[in-house]
Visitor: 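Have a look at the structure that comes next, please.
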Amino acid sequence: MKAAKVLVVDDELNMRTVLKAMLKKEGYDVVTAADGLQALKFLREEKFAVVATDLKMPGLDGMGLLGRIMQDDPSLPVIILTAYGTVANAVDALKKGAFDYLTKPFEQDELKTVVLKAVKTRLISDSDLSAAIDADPHRIVGASSRMAEIHEIIRKVSPTTTTVLITGETGTGKELIARAIHRSSTRKEQPFIKINCAAIAENLVESELFGYERGAFTGAVTTKPGRFELAHLGTLFLDEVGEIPRDMQVKLLQAIQDQSFERVGGLKTVSVDVRLIAATNLNLLQEVKEGKFREDLFYRLNVFPIHVPPLRERTEDILTLSDYFLEKFNWKLKRSVKGIDAEVRDCFLSYPWPGNIRELEHLLERMVLMAEGPLITMKLVPADITATTREPRPAPMALTEETTGHDVLKSHMEGMERQIIARCLEECGGNVTRAAERLGLSRKGLQLKMIKHQLRKSRE
Ligand SMILES: Nc1ncnc2c1ncn2[C@@H]1O[C@H](COP(=O)(O)OP(=O)(O)OP(=O)(O)O)[C@@H](O)[C@H]1O
Ligand SMILES: [Mg+2]
């Protein structure tokens, strides 16, 4: 295991040096900061197991730092270093969530005991993985070469202000990637504002995007900024951009090009500096061909495309993600399921995951919650999954011209998808909302698939 990292915060150079030496001797990796603000900066850049901080410091003091940590990352243990005579303050700090305190001057042994105790609470299951999940709920996990490429793309595109268009099926991680781009950009301190174009009534899209002036319509009692304005200096995430009504597309294009717009009912031009990231699970080019999506807007958004492949096309990621979610839900649900049975793993590998990572994540959450023994066993695998994977596999086909010529794989996959959806709908008594939830699909996503496969809603 890697050495746990400790952040030491003190305005006295002497104290920093002594502490660093003491902690290094115990095998910790140590970073020092001279005040609270510098500490916050380091906390944003790196993951620490423990923070040890002085109370009295210029700028942001120990109490202020503690407050911020309790807000951003409440499970990060903070040890207060207090001078003799200010113990009352330290007790106050404990009430506010500090892990423990040490009175200066302290012995190497005292420090060792407290830090070790703190590190242990941080690494609940004593594994690096749970520490990582604890520290970063937005981690992008994946072992496949395609995910490695996506990581590389995120690294390259983040520092720029280029517009990014993320495409991929539902549940593949588009939003996660959008957030990752923002978090590793120079705008990370500025807002990340999301607007889900599919979730807003058509007549409200304009006021949501651009805001409105007082009196613009009945009910507009105050002027309200829209998402573009809220995202000023930061990132605007246009989710499900393919669903944006046709008549709004031209207004959106204008606002993107000019970085300015008028609020609904307003005459004044509002200028903004916004980085755009858009996402869609539709084939936008197809939508353009069918006349549903403006070509000019498409090209304006598609400056830097990122395609996230469905999970079934990167099977190498299935088990890595399963183990990650197992750890995550063990930690979240305070369970201690040890692993996933080999039969279940096989089953996961051959299931096509129509709801992608979201489906896998939801399934593991349920499994961890329901597990009775130390392992996730086949008993916990829902029927719609075993049904697909247990069915005798088709005899291996000879790769003749005939079998390779006509999208054999695709039609096979589609057949499987249809089967899963049909079975799930049946088990849910035709309830689309419930079936969608089980499949890890949005209601709309499921409805689209039902239309594609000509599946009817229920057995009416
Ligand atoms: N590579 C990954 N590692 C860890 N978790 C992931 C990964 N990809 C997706 N997830 C998780 O899967 C869930 C779905 O991801 P996300 O919401 O980003 O998908 P999406 O592509 O935006 O889906 P939709 O099109 O339905 O909106 C989230 O809980 C996300 O945290
Ligand atoms: Mg999404």
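Just the heavy atoms: all of them, side chains too, but no hydrogens, waters or symmetry mates, feed the values below. We count ligands from 1, going down the list as the structure has it; atoms in each ligand are counted the same way.
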Visitor: Below 4.0 angstrom, N of the basic side chain to O of the carboxylate: do Arg345 and Asp323 qualify?
Guide: yes
Visitor: Please determine, by modelled atom types, if Asp317 and Ser144 share a side-chain donor-acceptor pair under 3.5 angstrom.
Guide: yes
Visitor: Below the 3.5 angstrom mark, is there an N/O of Glu175, backbone or side chain, next to an N/O of ligand 1?
Guide: yes
Visitor: Does any donor atom in the side chain of Ser271 or Ser260 lie under 3.5 Å from an acceptor atom in the other side chain?
Guide: no
Visitor: At under 4.0 Å between heavy atoms, which part of Lys174 makes contact with ligand 1: side chain, backbone, both or neither?
Guide: both
Visitor: Which atom pair, heavy atoms only, marks the closest approach of Phe99 to Ile79?
Guide: CD2-CG1, 4.3 Å
Visitor: Look at ligand 1 and say whether Ser442 reaches it with a heavy atom at a distance under 4.0 Å.
Guide: no
Visitor: Heavy atoms only: which of Asp239, Val141, Ile357 is nearest to atom 1 (N) of ligand 1?
Guide: Val141
Visitor: Give the atoms of ligand 1, by number and element, whose distance to some non-hydrogen atom of Glu361 is under 4.0 Å.
Guide: 11 (C), 12 (O), 13 (C), 28 (C), 29 (O), 30 (C)
Visitor: Does even one non-hydrogen atom of Leu321 get within less than 4.0 Å of ligand 1?
Guide: yes
Visitor: Is it the side chain, the backbone, both or neither of Phe325 that has a heavy atom closer than 4.0 Å to ligand 1?
Guide: side chain
Visitor: Nearest to atom 7 (C) of ligand 1 by heavy atom, Leu176, Leu282, Ile166, Ile150: which?
Guide: Leu176
Visitor: If we count only N and O atoms by modelled type, under 3.5 Å, do the side chains of Tyr324 and Glu361 hold a donor and an acceptor together?
Guide: no
Visitor: Kindly identify the option in Gly142, Gly173, Gly355 whose heavy atom sits closest to atom 15 (O) of ligand 1.
Guide: Gly173
Visitor: Establish, from distance only, whether the side-chain atoms of Arg443 and Thr433 form a donor-acceptor pair under 3.5 Å.
Guide: yes
Visitor: Given that the side chain starts at C-beta and the backbone is N, CA, C, O, which of these parts of Asn281 lies under 4.0 Å from ligand 1, counting heavy atoms, or is it both or neither?
Guide: side chain
Visitor: Could you tell me if Glu169 and Asn356 have a donor-acceptor pair between their side chains, going purely by distance under 3.5 Å?
Guide: yes
Visitor: Under 3.5 Å between some N or O of ligand 1 and some N or O of Gly171?
Guide: yes
Visitor: Name the one of Gln254, Gln249, Gln257 that satisfies side chain to side chain contact (heavy atoms under 4.5 Å, CB included) with Leu297?
Guide: Gln249
